[in-house]
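Please read the structure below before turning to the comments.
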Amino acid sequence: MSDPRAPTATGGPLTGLKVLDLTQMLSGPYCTMILTDLGARVLKVEAPGKGDTARASARLPGNDDPKSFGVYFNSINRGKQSLVVDLKADAGKEIIRRLAKDSDVVVENFRAGVMDRLGLGYEALRDLNPKLVYGAIRGFGDPRTGESPYADWPAFDVIAQAMGGMMGITGPKGGPPTKIGPGVGDLIPALFMTGGLLAAVLKARETGQGEFVDVAMMDAIMAICERPLYQHTYFGDVAEPEGNAHPLLAPFGSFQCRDGWVAIGCPYDPFWVTRTRIMGCPDMGHDPRFALGPDRARNADACNALVTAFTLQRTKDELADLLGGKVPVGPVKTAPEILTDAHTAARN
């Protein structure tokens, strides 16, 4: 039997799809990287000179070659072909027109209006290739789908996290808003764009008509911050940072142990009963303060204190052995621990 992780004979389900990649930094390149991983042919276009701004980030020590690239750039541009084009020059614009005419998808993440001013916006390229799907990731969207007062503002990950509501509910309870570690303000819009592009490609193949796909970074973050908006519109609450706890569930969060932290979630009552039995206090499984989910949420501090008293006496490995497969548990892992984890090896 062949290894299911091995590449297919065709190279992936998107083999034959041609993508013209005019993106830079993280959001756009991450989107086109996924398309590359799925088999698409992605041609990444960079400006003369330094190219994509991300090239210079995280170079290996001692590497000062301005034409080289660091591991950050490499991690999100793998598998792509590369071309240097000066978009401001007439000859460069003509190259982009020729490439777009033969492409299925164009993706860019410039500020609104940049490509239009160059004569390379959606309408101009659509006239050359009616089936073209054109994707744009911007901080606050494109005026074609809704004029934002912030349309001219530049944006990065932290801006999207701040304005989309994510930072306002992240961080220690009573403390300042906190940015989530990974650049999700870029990565989440990239994932939305990937889905939107593929849906539009399917439609273009059926109808012969492409379309403009617009993702605003702020919108994408708002879309996944599910609780703050309904908590306010339904109940009038204003969500604040909750630390590593959950405002509606207990125990649900991270708990300190002897050599670090573990994440534990017991939203369902049977999980809580099992957990109290393993902790050696089975009566707590039916205690009226904790027996049902809403009871545990109302008495979250006392509930979490019980769990913490148990975890502080044990290591991450001991807790994984005791609780793994019985209640939801997961040690908080560092990069070396992730790389040596049996799951990582099994999943390649």
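Note on Ile180: it does not cluster hydrophobically with Met163, by side-chain heavy-atom contacts below 4.5 Å among ILVMFWY residues. Hydrophobic clustering (side-chain heavy atoms under 4.5 Å, transitive across Ile, Leu, Val, Met, Phe, Trp, Tyr) keeps Tyr268 apart from Leu292. Val85 is connected to Leu43 through a chain of hydrophobic side-chain contacts under 4.5 Å among Ile, Leu, Val, Met, Phe, Trp and Tyr, so both are in one cluster.
Other residues, nucleotides and ligands contribute over 12 non-hydrogen atoms within 6.0 Å of the NZ atom of Lys333. Within 6.0 Å of the NZ atom in Lys101, the count of heavy atoms belonging to other residues, nucleotides or ligands does not exceed 12. Applying the 6.0 Å contact sphere to CD of Glu240 captures no more than 12 heavy atoms from other residues, nucleotides or ligands. Within a 6.0 Å radius of OH in Tyr72, other residues, nucleotides and ligands contribute more than 12 heavy atoms. Around atom CZ of Phe156, no more than 12 heavy atoms belonging to other residues, nucleotides or ligands sit under 6.0 Å away. More than 12 heavy atoms of other residues, nucleotides or ligands lie within 6.0 Å of CZ in Arg126, so this atom counts as buried by the packing criterion.
Using a 4.5 Å heavy-atom cutoff, the side chains of Gln161 and Met217 are not in contact. Side-chain contact between Phe290 and Asp295 is absent, with no heavy-atom pair separated by less than 4.5 Å. Under the 4.5 Å side-chain criterion, counting only non-hydrogen atoms from C-beta, Arg298 is not in contact with Arg289. In this structure the side chain of Leu197 reaches within 4.5 angstrom of the side chain of Cys31, judged on heavy atoms. In this structure, Val107 and Leu20 have side chains that are not in contact, with every pair of non-hydrogen atoms separated by 4.5 Å or more.
When atom types are taken as modelled, the side chain of Asn109 and the backbone of Gln24 share a donor-acceptor pair closer than 3.5 angstrom. Between the side chain of Asp104 and the backbone N or O of Lys18, at least one donor-acceptor pair lies under 3.5 Å. Here the side chain of Asp86 pairs no donor or acceptor atom with the backbone of Ala47 at under 3.5 angstrom. The backbone N or O of Thr340 sits nowhere less than 3.5 Å from a side-chain atom of Thr344 that would complete a donor-acceptor pair. Judged purely by atom type and a 3.5 angstrom limit, Asp259 uses its side chain to pair as donor or acceptor with the backbone of Lys316. Judged purely by atom type and a 3.5 angstrom limit, Lys179 has no side-chain atom pairing as donor or acceptor with the backbone of Met167. At distances below 3.5 Å, at least one donor-acceptor pair connects side-chain atoms of Arg296 with backbone N or O atoms of Ala291. A donor-acceptor distance shorter than 3.5 angstrom exists from the side chain of Glu46 to the backbone of Asp52, with no hydrogens or angles considered. Side chain of Gln313 to backbone of Phe310: no donor-acceptor contact under 3.5 angstrom is found.
For the residue pair Thr23 / Asp21, a side-chain donor-acceptor distance below 3.5 Å is found, with atom types taken as modelled. Using a 3.5 Å distance cut-off with no hydrogens or angles, the side chains of Glu108 and Tyr134 do pair a donor with an acceptor. Side-chain contact annotation: Lys80 with Thr32, donor-acceptor N/O pair under 3.5 Å present.
A distance of 11.0 Å separates CD of Glu318 from CG of Leu323, quoted to the nearest 0.5 Å. For the atom pair CG of Leu17 and CG of Leu198, the computed distance is 7.5 Å after rounding to the nearest 0.5 Å. Rounded to the nearest 0.5 Å, atoms OG (Ser27) and CD1 (Ile188) are 12.0 Å apart. Between the CZ atom of Arg97 and the CG atom of Leu125 there is a distance of 8.0 Å, given to the nearest 0.5 Å. Distance check: Leu322 CG to Ile278 CD1 gives 7.0 Å after rounding to the nearest 0.5 Å.
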Review point. Given Leu87 and Phe110, is the side-chain contact (heavy atoms from CB on, under 4.5 Å) satisfied, shown in steps?
Key: CA-CA 12 Å; Leu87 298 183; Phe110 296 109; 4.1 Å; yes
Check your understanding: For Arg227 and Tyr230, what are the C-alpha separation, side-chain angles and deciding distance, and is it a side-chain contact (heavy atoms from CB on, under 4.5 Å)?
Key -> CA-CA 6 Å; Arg227 288 196 307 272; Tyr230 78 64; 3.7 Å; yes
Practice item. For side-chain contact (heavy atoms from CB on, under 4.5 Å), just list the numbers for Ile264 and Arg275, CA-CA rounded to whole Å, side-chain angles, deciding distance to a tenth of an Å, and then say yes or no. Key: CA-CA 10 Å; Ile264 294 171; Arg275 176 136 185 74; 3.3 Å; yes
Practice item. Output, in order, the C-alpha distance, side-chain angles, deciding distance and verdict of side-chain contact (heavy atoms from CB on, under 4.5 Å) for Leu191 and Leu187. Key: CA-CA 6 Å; Leu191 294 172; Leu187 300 175; 5.5 Å; no
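Seen from the ring of Phe73, Arg55 counts as a face-on cation partner, given the 6.0 Å and 45° thresholds.
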